[in-house]
Amino acid sequence: MKPDVIVIGTGPGGIASATTLAQAGVNVRIVDEQPYAGGQVYRASEKIAASRTSLREWLGSDYAQGLDLIQAARREGNIDWCFDTSVWDISCREDGIQLGLLKDEKASTIDAPHVVLATGAMERPTPFSGWTLPGVMSIGAAQTLFKDAGLIPDDDVVLAGSGPLLYLFANQLLNAGTRPGLIVDTAPKWVSARHLLQLASAARHNLPALYKGLAWRQRINRAGIPHVYGVCELHACGAGRVESVKYRNGGRIQEVPASLLLVHDGVIPNTHLSVAANCHHIWQARQRYWQPQLDVHGQTSQPGLWAVGDGAGILGAEAATLKGRILARHLAAKLGLISPNESQKTSQNDQRMLAKLIPLRRFLDQQFPPAAAFREPGNDTVVCRCEAVKAQEIRQIAKLGCVGPNQARSFTRAGMGPCMGRQCGNNVSQLLADELGKSVQEVGYYSTRPPIKPVTLGQLASLAD
Amino acid sequence: MFKRIGKNEQQVTFEFLHRTVIAREGDTIAAALLAAGILEFRQAPEDQSRRGPYCMIGNCFECLVQIEGLGSRQACRERVRNGMRVKPHRGRIELEEHDET
Ligand SMILES: Cc1cc2nc3c(=O)[nH]c(=O)nc-3n(C[C@H](O)[C@@H](O)[C@H](O)COP(=O)(O)OP(=O)(O)OC[C@H]3O[C@@H](n4cnc5c(N)ncnc54)[C@H](O)[C@@H]3O)c2cc1C
Ligand code: FES
């Protein structure tokens, strides 16, 4: 059956939207390139629940909640699940939104009057010297291996960067019996006086979550994991693979051996589809990311295209769930299945819960800003990994009069490789902005044209079948 | 580097550069190679530097490998199939020769 709404992404934002839409009688198709539901946070929930391992306990209670969310969605008959399906194209037309899909080597198109982007986040790809060496990975990457394949790092692993995901992962490792060799923290140890107001407000609205974060830190402490704070420089060193990690702590440079360096510098919205759909985006200067500009209900600047969850701005999994439900009720009212009044009334409680989450997020944003240690990559640091373009080259072309990322792309090839600028885009814009003395909003972002995922000619040819 | 949790019950095997790699059913190629201690998946075309998976969620394309019959693929997104033949990338992406099989 032709869907009324297509949801892209089976993380908490997408699942909650689809469930509430289906409950209101809407025909929903939900698409994800993963083989299972859960998104980044609840990845492989059903697979892990069915396995006889302790993985689920090790991952913790927040992770376990994901299964309830997924199972509730599974009970809805109006949801058509499409796994292993990538969305590689999007075009917004007057009569609806058309998507290009790829599954089992076959390309196809599908359209619907409404599409919800619930494509989530990615880790901020912060360049630092040596970050292209094999054995340097993101913390989220290691966590993905943990959830999806039951792989855990050995004891000498070094964790570096900052943010809640770093502490959570260190706890998950301790649960699994691995002791990280060192934590190199780019955040300060204590909350600075400037952020105390935010901290107080977060505590007033959401004490349990704040307490959880503190408990993670305490556990790391009690386990005796060496933890250095306020680190302001990081290098991965080695010939052909990472062998040691150097960092500057105060005036001193220290070096420790490591066979695996896992880094994390917060998460940013995955906006590839909203950029390809030509939606307006705004630059969030504090958190240094682009997010699609949305109206109060979550509609992008393209009519019929909606965004929810971390892909619309980082608020975390719980907020993604609440916002997903609220958006779904609004859409159900738009489709005439419930009255606007009912939509508003039934969303009141979710709105209240959402309001409680915001102060904690504001505090986290302040306490864990993108690490200054990484913000200004050294001239020799590779910024575009695909084409091995260094920071120096971007700075140089800015001096020569390059005005924006699209020009920089043709001058240096930065952003032309297979990742299509996913890794270097924000960094190139930031470097140009710094060099030109402009804001990132003024400098802009790479324009992206479909396909946004690699599609072979053979796969494209199957469109004609 | 990485170790496995639990027993490897459903084994599948594939070939990476003439080496037989034992994987678990449902593994991505990247997970299976990392579990086998292989960190280097390719060489960057520009400067021949060695590269391996970075993000594991399909964004960085550092995990590109050549799969016989399929061509260039992201090892973090492609699942292992028994008997698959996989090679690292060297230089620019090669076009797959279709009369190979
Ligand atoms: C690697 C990683 C690990 C994380 N781990 C945690 C954690 O343990 N705990 C926590 O609280 N937060 C975690 N986060 C933060 C995360 O952003 C959560 O807040 C939460 O997952 C956001 O939910 P969401 O519904 O917005 O999107 P997500 O959960 O990210 O789900 C988005 C889904 O969209 C799919 N998708 C995206 N683009 C396409 C496309 N073009 N075609 C098809 N499918 C597509 C993805 O495959 C994914 O399943 C993590 C983030 C990352 C990047
Ligand atoms: S590891 Fe980043 S795309 Fe595969």
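To find a chain, count down the sequence lines: A is the first, B the second, and so on, and within it residues start at 1.
For a residue to count as touching a neighbouring chain, one of its non-hydrogen atoms must lie under 4.5 Å from one of that chain's; by this rule Leu151(A) touches chain B with backbone and side chain alike. Both the backbone and the side chain of Arg385(A) come within contact range of chain B, judged by heavy atoms closer than 4.5 Å. Looking at Val157(A), there are no atoms closer than 4.5 Å to chain B (heavy atoms on both sides), in backbone or side chain. Leu55(A) touches chain B through its side chain: at least one heavy atom from C-beta onward sits under 4.5 Å away, while N, CA, C and O do not. Only the side chain of Leu145(A) has a heavy atom closer than 4.5 Å to any heavy atom of chain B. Only the side chain of Thr144(A) comes within contact range of chain B, with heavy atoms under 4.5 Å apart. Both the backbone and the side chain of Asn59(B) come within contact range of chain A, with heavy atoms under 4.5 Å apart. For chain B, no part of Ser51(A) is nearby; none of its heavy atoms comes within less than 4.5 Å. Heavy atoms of Trp131(A) lying under 4.5 Å from chain B belong to its backbone as well as its side chain.
Classified by interplanar angle (parallel below 30°, tilted 30° to 60°, perpendicular above 60°), the ring pair Phe41(B)/Phe16(B) is tilted.
Lys390(A) is linked by a salt bridge (charged side-chain N to carboxylate O under 4.0 Å, His left out) to nothing, counting only residues two or more places apart in sequence or in another chain. Partners of Lys103(A) by salt bridge (charged side-chain N to carboxylate O under 4.0 Å, His left out), not counting sequence neighbours: none found.
For the residue pair Arg77(B)/Ser86(A), the side-chain donor-acceptor check at 3.5 Å is satisfied. In summary, the side chains of Ser72(B) and Gln66(B) do not present any donor paired with an acceptor at a separation below 3.5 Å, with no hydrogens or angles considered. Of the N and O atoms on the side chains of Gln459(A) and Glu105(A), at least one donor lies less than 3.5 Å from an acceptor on the other residue.
Note on Gly52(B), Ala31(B), Gly26(B): by heavy-atom pairs under 4.5 Å with chain A, the leading option is Ala31(B). Ranked by heavy-atom pairs shorter than 4.5 Å toward chain B, the options Leu260(A), Thr53(A), Ile152(A), Leu133(A) are led by Ile152(A). Interface summary for chain A: among Met56(B), Glu40(B), Gln74(B), Arg51(B), the most heavy-atom pairs under 4.5 angstrom belong to Arg51(B). Chain B forms the most heavy-atom pairs under 4.5 Å with one residue out of Leu262(A), Asn270(A), Thr132(A), and that residue is Thr132(A). In terms of heavy-atom pairs under 4.5 Å with chain B, the best-connected choice from Pro153(A), Ser259(A), Ala388(A) is Pro153(A).
The pair Arg42(B)-Glu62(B) counts as a salt bridge, with a side-chain nitrogen and a carboxylate oxygen less than 4.0 angstrom apart.
Judged by the 6.0 Å and 45° rule, Arg81(B) forms no cation-pi pair with Phe14(B).
Other residues, nucleotides and ligands place more than 12 heavy atoms under 6.0 Å from the CZ atom of Arg79(B).
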